[in-house]
Number of protein chains: 2
Amino acid sequence: MKRRANMVAGVALAVCSLAPVPGLAGDAEDIAAIWDAYEAARVAGDADAWLALWDEGGVQMPPGMPARGLDVLTVGVPKAFAAMPASAMEISPVETVVMGDWAFSRGTYTADLTSGGNAVHMDGKFMTIFRRQDDGSWKIYRDIFNSNS
Amino acid sequence: MKRRANMVAGVALAVCSLAPVPGLAGDAEDIAAIWDAYEAARVAGDADAWLALWDEGGVQMPPGMPARGLDVLTVGVPKAFAAMPASAMEISPVETVVMGDWAFSRGTYTADLTSGGNAVHMDGKFMTIFRRQDDGSWKIYRDIFNSNS
């Protein structure tokens, strides 16, 4: 019975997705623009611009620490940007899938930071969930990443 | 104009989500059952059972290496399970969101492995995208994880 219920749900949602849905190509462009803004904010050390990319319920899941919400990011990120300035960051999405008012994007990134006077080159990959806001824009809702090496 | 198109899409999809959609509670249960099966397969060292949880286009994004598809997993996972047996694994989802024929789940995990004769305790977090199959079941489509320490 559970299986049948799932199939009914699948059919109903498939019908919805067959209806003309303008703006979806634009959604992928909008999300690419968020990655551009993310890179620019990180290299500029502009924590406010970076934090503005996040949903108010956003959660970041970085390596080496537990998941942390936007309240913790708001306190910690300005300090982290000041302590570890970045000279370059490049985010290369390989896949962006829009699922109604949700989307995910995954890909690879590189960054060049200075930490404690030492140059650090980062080479990793990420997967991110975006949530559509009431005004139609997208914000980062969940973000996790790790190193390739 | 792009903004208006996005808002139209948002309205259309909101109408869809207001329609009765049976089975969504069951979907979250089905995904929890996949995590149970994932733990059991890992501890049993049953690579076939573990690989059967994946979508045919699945991609895993583990720490310390580039992303790898199911073709690479099919060759590598039986060797990895044999080389690094696990005595325990516990996956604790903290959030599962169903988005039509897609879902994401995130949470924490612990595992106790033996690697090269040494006991290894893992304590990390994960985020996973599931894709609904033609038969209504769910499979792992994208999976990324990292350490908390």
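Naming: A, B, ... by sequence-line order, numbering from 1 per chain.
- Pairing each heavy atom of B:Met61 with each of A:Asn146, the nearest pair is O-ND2, 3.0 Å.
- The cluster map of Ile, Leu, Val, Met, Phe, Trp and Tyr, joined by side-chain heavy atoms under 4.5 Å apart, puts B:Met65 and B:Trp50 in different clusters.
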Problem - Trace of the side chain to side chain contact (heavy atoms under 4.5 Å, CB included) decision for A:Phe104 with B:Trp102 - result: CA-CA 10 Å; A:Phe104 80 86; B:Trp102 303 85; 4.0 Å; yes
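- Hydrophobic clustering of Ile, Leu, Val, Met, Phe, Trp and Tyr side chains at less than 4.5 Å, counting indirect connections, unites A:Met122 with A:Tyr38.
- Interatomic distance, CG of A:Asp143 versus CE of B:Met127, reported as 7.0 Å (0.5 Å rounding).
- Cluster annotation: A:Met84 and A:Met89 are assigned to distinct hydrophobic clusters (Ile/Leu/Val/Met/Phe/Trp/Tyr, side-chain heavy-atom contacts under 4.5 Å, transitive).
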Problem - side chain to side chain contact (heavy atoms under 4.5 Å, CB included) between B:Ile129 and A:Ile129, worked out - result: CA-CA 10 Å; B:Ile129 307 276; A:Ile129 307 276; 3.7 Å; yes
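- B:Val43 and B:Phe126 fall within a single hydrophobic cluster, where Ile, Leu, Val, Met, Phe, Trp and Tyr side chains are chained together by heavy-atom contacts under 4.5 Å.
- Contact annotation for B:Val94: neither backbone nor side-chain heavy atoms come within less than 4.5 Å of a heavy atom of chain A.
- For CD of B:Glu56, the number of neighbouring non-hydrogen atoms (other residues, nucleotides, ligands) closer than 6.0 Å is 12 at most.
- B:Lys125 places no side-chain N or O within donor-acceptor distance of the main-chain N or O of A:Ile144, the cut-off being under 3.5 Å.
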